[in-house]
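Below is one structure, written out as structure tokens, with a few remarks after it.
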Amino acid sequence: MNFIDLFSGVGGFTRGLELAGHRCIGHCEFDKFAEASYRSMHTITDEQREYLLTLSPNKRQKEILKNEYLNGEWYRSDIRAVGADDMPKADCWTFGAPCQDFSIAGKRAGLDGDISSLIREVFRVLEEWEERDRPEWLIYENVKGMLSSNRGLDYLEILAEMDRLGYDIEWQNINSKWFVPQNRERIYTIGHLRRFGRKQILPVEGASGE
């Protein structure tokens, strides 16, 4: 399966899906430091790495942001500037859209916040595609606080948009402690384009059977 990692950060989704045998063909990330880390871990060749290590850290940071270090992978820095005619077709889009406006540690601005509202840009691009060209799968991850943001209406809006765009939806609260020594709850939402028929992925069980 070919996938595109939106709001990729350093490439957590990319790493996991590639370990599962899938292929990343593109990503989008605004933060230049996260982008430099992404390329260091996912796109550069061994030869390029050897060269980069000969540079000072400051020069290395700037050098790796040149297009040649993408080695053919599609990349855009700002999803607000992305259009359907600008993206390759993929079987799956992953997006862990920025969480600060949903987090209970933040100001709880929700979908009206400047950051978490960027998920609407994903739906904008999806709507620009004809349904036959949309990715079969959507995988969306965010903090648990999303469920209670704006009394739950923010998450309802997200689910309603996926439904309107033709996706059947599943979601689950998954805690990383089921698999690794870290207590980290995240809401995973999977959309499957309903024209392909019903498919069930969730729930998954943790190592303890939870």
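For clarity, every value in this text was computed on a predicted model and none was experimentally measured.
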Ionic contact status for [Y] with [X], cut-off 4.0 Å:
X      : Y      : answer
Arg15  : Asp5   : no
Glu141 : Arg186 : yes
Arg120 : Glu161 : no
Glu121 : Arg124 : yes

Of Ile4, Ile139, Leu138, Ile79, the residue whose pairing with Phe95 passes side-chain contact (heavy atoms from CB on, under 4.5 Å):
Leu138

A quick test of your reading: do over 12 heavy atoms of other residues, nucleotides or ligands sit less than 6.0 Å from [atom1] of [X]?
X      : atom1 : value
Glu47  : CD    : no
Phe30  : CZ    : no
Arg151 : CZ    : no

Tyr140/Asn142 under side-chain hydrogen bond (donor to acceptor under 3.5 Å, both in side chains): CA gap, chis, key distance, verdict
CA-CA 7 Å; Tyr140 169 50; Asn142 219 307; 3.0 Å; yes

[X] side chain to [Y] backbone, donor-acceptor under 3.5 Å:
X     : Y     : value
Arg23 : Asn2  : no
Arg39 : Ile64 : yes
Ser37 : Phe33 : yes

Heavy-atom side-chain proximity of Ile174 to Arg184 below 4.5 angstrom
no

What I'd like to find out is whether the side chain of Arg80 reaches to under 4.5 Å of the side chain of Leu118, using heavy atoms alone.
yes

We want to know whether [X] and [Y] form a side-chain donor-acceptor pair, criterion being a heavy-atom distance below 3.5 angstrom.
X      : Y      : value
Ser176 : Gln182 : yes
Glu185 : Asn173 : yes
Glu136 : Tyr167 : no
Glu157 : Asn150 : no

Hey, mind stepping through Thr189 and Tyr155 against side-chain hydrogen bond (donor to acceptor under 3.5 Å, both in side chains) and telling me if it holds?
CA-CA 10 Å; Thr189 306; Tyr155 189 46; 2.6 Å; yes

Mind checking whether Tyr75 and His27 have parallel, tilted or perpendicular rings, split at 30° and 60°?
tilted

Could you state whether Met41 and Leu17 fall into the same hydrophobic cluster, counting links through intermediate Ile, Leu, Val, Met, Phe, Trp or Tyr residues with side-chain heavy atoms under 4.5 angstrom apart?
no

Where is the tightest heavy-atom contact between Asn175 and Asn183, given as atom of each residue plus distance?
ND2-OD1, 2.7 Å

Hey, what do you get for CH2 (Trp171) to CG (Leu202), rounding to the nearest 0.5 Å?
10.5 Å

